[in-house]
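Take a look at the structure set out below.
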Amino acid sequence: MRTTPTIDYSDARRAVDLIVEKASQMQKAVAVAVADPHGELIAFARMDGAPLPSITIAMNKAFTAARARKPSQEVGEKVRHPEKGYDIAYYGDPRFVGWGGGVPVWRNGEVAGAVAVSGLSAEEDVSLAKMGVDLITASPT
């Protein structure tokens, strides 16, 4: 039998809380999603004032990073490449997105899930998501 690493709820919740705290310190509002290795939601938060589209976008960024086993931004860069680009529909699911802010969580050489942030610039979303990933990967789970 094969055992697949996954993010447990307590780690997901701690990552969400950290990101919400950091965004609050920046006086900004975001949506945060943490997904399992299949891209399915484990934990989610939408801060007061976060743009409504950020709800779905954060979940889709986490889905993309977990399923593609790479940051959502890399998926976007690949499909937008001027010569080698292709339609994002290639991935076969409308939840795949190419915006920055979804980051996979690796454990023992396998993707255990993903953390995603939406509502700010791609750079800010990525930075906050990486804080959540770092917190989870530092956990002894």
- Listed once per pair and sorted, the ring pair (Phe, Tyr, Trp, His ring centres under 6.0 Å) pairs that draw on residues 94-118, sequence neighbours left out: Phe63-Phe96, Tyr91-Phe96
- Of the non-hydrogen atoms in Ala35 and Ala62, which two are nearest, and what is the gap between them? CB-CB, 3.8 Å
- Query: So how far is it from Ser139 OG to Ile7 CD1, rounded to the nearest 0.5 Å?
  - Reply: 10.0 Å
- Apart from Val126 itself, what residues make up its hydrophobic cluster when side-chain heavy atoms of I, L, V, M, F, W and Y under 4.5 Å apart count as a link, directly or indirectly? none
- Message: When you group the ILVMFWY residues by side-chain heavy-atom contacts below 4.5 Å and let the links chain together, are Val16 and Tyr9 in the same group?
- Response: yes
- Hey, quick one: are Ile57 and Val79 part of the same hydrophobic cluster, counting side-chain heavy atoms closer than 4.5 Å, chains of contacts allowed? no
- Query: Are Leu18 and Leu128 joined in one hydrophobic group, where the rule is that I, L, V, M, F, W and Y side chains link up if heavy atoms are under 4.5 Å apart?
  - Reply: yes
- Taking all heavy atoms of Ile136 and all of Ala15, pick out the closest pair and write down the distance. CD1-CB, 3.8 Å
- Same hydrophobic cluster for Leu120 and Leu52, using side-chain heavy-atom links shorter than 4.5 Å among ILVMFWY? no
- Query: Quick one: does Ile42's side chain get under 4.5 Å of Arg13's, heavy atoms only?
  - Reply: no
- Note on the structure: Residue set satisfying side chain to side chain contact (heavy atoms under 4.5 Å, CB included) with Ser24, at least two apart, ordered chain then number -> Val20, Met47
- Message: Considering only residues two or more places apart or on different chains, which pairs with a residue in residues 25-46 satisfy side chain to side chain donor-acceptor pair (under 3.5 Å)?
- Response: Glu21-Gln25, Lys28-Glu124
- Query: How long is the span from the CG atom in Asn60 to the CD1 atom in Ile55, to the nearest 0.5 Å?
  - Reply: 12.0 Å
- Within-4.5 Å side-chain heavy-atom neighbours: Thr6 and Arg107: no
- Query: Residues two or more places apart in sequence or in another chain: which of them pass salt bridge (Lys or Arg N to Asp or Glu O under 4.0 Å) with Asp134?
  - Reply: none
- Query: Who pairs with Val133 by side chain to side chain contact (heavy atoms under 4.5 Å, CB included), at least two apart in sequence or on another chain?
  - Reply: Val103, Val105, Val115, Thr137
- Taking all non-hydrogen atoms of both residues, which atom of Pro71 and which atom of Pro104 are closest, and how far apart? N-CD, 3.6 Å
- Task: Taking all heavy atoms of Gly101 and all of Ala129, pick out the closest pair and write down the distance.
- Result: O-CB, 3.4 Å
- Message: Strictly by side chain to side chain donor-acceptor pair (under 3.5 Å), give each pair with a member in residues 61-72 just once, sequence neighbours left out.
- Response: Lys61-Asp125
- Query: Looking at residues at least two apart in the chain, or sitting in another chain, which of them share a side chain to side chain contact (heavy atoms under 4.5 Å, CB included) with Ala66?
  - Reply: Ala114
- What closest approach, in Å, do Gly49 and Ala29 show between heavy atoms, and which atom pair accounts for it? C-CB, 3.6 Å
- residues 73-82 vs salt bridge (charged side-chain N to carboxylate O under 4.0 Å, His left out), sequence neighbours excluded, gives none
- Message: Assess whether a salt bridge exists between Asp17 and Arg14, defined as any Lys/Arg side-chain N lying under 4.0 Å from an Asp/Glu carboxylate O.
- Response: no
- Note on the structure: The complete set of salt bridge (charged side-chain N to carboxylate O under 4.0 Å, His left out) pairs with one or both residues in residues 109-123, sequence neighbours excluded, reads Arg2-Glu110
- Item | Side chains of Val117 and Ile19 in contact at under 4.5 Å (non-hydrogen atoms) | yes
- Message: On a heavy-atom basis, which atom in Ala31 and which in Ala58 lie closest, and how many Å separate them?
- Response: O-CB, 3.7 Å
